[in-house]
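Comments concern the structure below.
Every number for a ligand or one of its atoms is a count from 1 in the order of the listing. These numbers come from the heavy atoms of this one structure, side chains and all, not from hydrogens, waters or symmetry mates.
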Amino acid sequence: MNNLASVAGTRALLNSYGFRYRKSLGQNFLVDAGIIQKIVDTVEPAPMDVVIEIGPGLGTLTRQIARRVRMLLAVEIDPRLLPILADTLSGYNHIEIIQGDALEIDFDHLVAAKTASEFGQEGKPYKLVANLPYYITSPLLTRLVLERFNMSMMVIMVQQEVAARLTAAPGNKSYGSLSVLIQYFTEPELVFQVPRTAFHPSPGVDSAVVQLRVRPEPAVSVLDEALFFKVVRASFARRRKNILNALSGAMGGISKEKWRIILEKAGIDPGRRGETFSLTEFATVADMIKVL
Ligand code: SAM
């Protein structure tokens, strides 16, 4: 097997299969051995772990993680990659490739189905790793946390700008509803930056690896989660407005006067902007709607 963690090795493999990468599927393959090793370390692989990989591509990262875990399930959308993966991953009996769309797969169900007959893993949280195609980053992350899959950790490679959004603190220009959603369910940490030269073909942007530790319980407790997220989205919908105008403009059914009372009872200055609110403050406002 040639060295896939190099431009020459990756090119040779792609040429031998006559494979033409599809930009629309975000097919930029990792060719930097140092970066691959750092991703593996960030997953903190343990011998009993079950890991899901989204988008194994040529299997470059897949192989390195598989060496250190019990089972690796890789979900790849492009059927043209299956024969290549069968080649690069031959000899790894504990890797299974599932052809499918990560936006549609029920990961808990997949893990239960694949592990039940093999070993008593039932109920044990698994990990997820993905060098994410940029076009599905936001919908996939939103789905992964909202569906509350039984994962303990996600390690994802995303555009630097998205990494900044995931980890932004209140007041930061990158702080928005995605930051709140992710920080509500997980503890995100930007672990390292990845230059565009680590890929073949090289994408137009630099990336970063973010480790998301899934919280056993959400960061703040709320009376009504759907209402909490509605308040968060409304608060960021009109970023330049103060919270009173943002909420009364974006959330129908509650008068401006009522909003003023809600904010007052929550101990929040109605002149502040939503982008300065902590998760606790969003939770207080959402709960106040329920009780007033
Ligand atoms: N993991 C490989 C690596 O690091 O070299 C490939 C990463 S490449 C950025 C993204 C991979 O995700 C491609 O193999 C692509 O075909 C696959 N992909 C794109 N959309 C997908 C989806 N919706 N579900 C599963 N895989 C997807």
Side-chain angles (χ1 to χ4, degrees), residues 1-14 17 19-43 45 51-67 69 72-89 92 95-107 110 127-144 147 149 154-160 162-163 191-192 194-210:
M1 181 59 58
N2 65 13
N3 177 17
L4 286 181
S6 69
V7 175
T10 290
R11 261 209 197 120
L13 181 72
L14 293 174
Y17 279 87
F19 183 88
R20 297 186 73 80
Y21 48 79
R22 211 162 272 167
K23 213 174 166 190
S24 63
L25 290 177
Q27 290 178 337
N28 305 96
F29 303 112
L30 270 171
V31 290
D32 183 317
I35 298 287
I36 292 167
Q37 190 52 48
K38 273 163 96 174
I39 298 175
V40 175
D41 293 342
T42 306
V43 173
V51 176
I52 289 189
E53 184 185 11
I54 295 176
L58 306 176
T60 319
L61 174 64
T62 320
R63 292 201 292 207
Q64 300 305 328
I65 294 177
R67 290 203 170 113
V69 301
L72 193 148
L73 304 169
V75 177
E76 174 56 59
I77 200 168
D78 188 347
R80 301 173 309 146
L81 287 167
L82 300 194
I84 303 183
L85 286 165
D87 181 0
T88 58
L89 303 177
Y92 291 81
I95 299 180
E96 191 155 339
I97 307 296
I98 295 97
Q99 200 231 318
D101 183 347
L103 286 172
E104 284 172 8
I105 287 194
D106 178 334
F107 294 105
L110 177 69
K127 294 175 178 169
L128 180 135
V129 63
N131 170 4
L132 280 185
Y134 300 137
Y135 81 105
I136 57 165
T137 304
S138 269
L140 183 73
L141 279 177
T142 303
R143 175 165 183 258
L144 286 176
E147 296 221 359
F149 290 122
M154 300 179 230
V155 173
I156 52 165
M157 169 118 67
V158 291
Q159 272 173 265
Q160 270 180 11
V162 176
V191 189
F192 59 94
V194 182
R196 59 194 77 185
T197 50
F199 302 91
H200 176 75
S202 170
V205 290
D206 295 321
S207 302
V209 169
V210 181

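Below 3.5 Å of separation, one finds no N or O of Ile54 facing any N or O of ligand 1. Of the N or O atoms in Leu61, none lie within a sub-3.5 Å distance of an N or O in ligand 1. Checked against a 3.5 angstrom limit, the closest N/O atoms of Ala102 and ligand 1 fall inside it. At least one N or O atom of Tyr135, backbone or side chain, sits closer than 3.5 Å to an N or O atom of ligand 1.
The shortest heavy-atom distance from Asn28 to ligand 1 is under 4.0 Å. At least one heavy atom of Gly100 sits under 4.0 Å from some atom of ligand 1. For Phe199, the closest heavy-atom approach to ligand 1 does not fall below 4.0 Å.
Residue contacts with ligand 1, taken as heavy atom pairs separated by less than 4.0 Å, involve Pro56 solely via the backbone atoms N, CA, C and O. Within the 4.0 Å heavy-atom criterion, neither part of Thr62 lies near ligand 1. The part of Glu53 lying near ligand 1 is the side chain, judged by heavy-atom distances below 4.0 Å. For Asp101, heavy-atom contacts with ligand 1 shorter than 4.0 Å involve the backbone as well as the side chain. With a 4.0 Å heavy-atom cut-off, ligand 1 is reached by the side chain of Ile136 but not by its N, CA, C or O.
Legend: residues meeting ring pair (Phe, Tyr, Trp, His ring centres under 6.0 Å) with Tyr21, ordered by chain and number and at least two apart, are absent. Ala198 pairs by the side chain to side chain contact (heavy atoms under 4.5 Å, CB included) definition with Leu30, Asp32, Ile35, Val194, not counting sequence neighbours.
The protein atom (non-hydrogen) at minimum distance from atom 26 (N) of ligand 1 is Ile77 N, 3.4 Å. Closest protein heavy atom to atom 6 (C) of ligand 1: Gly55 O, 3.4 Å.
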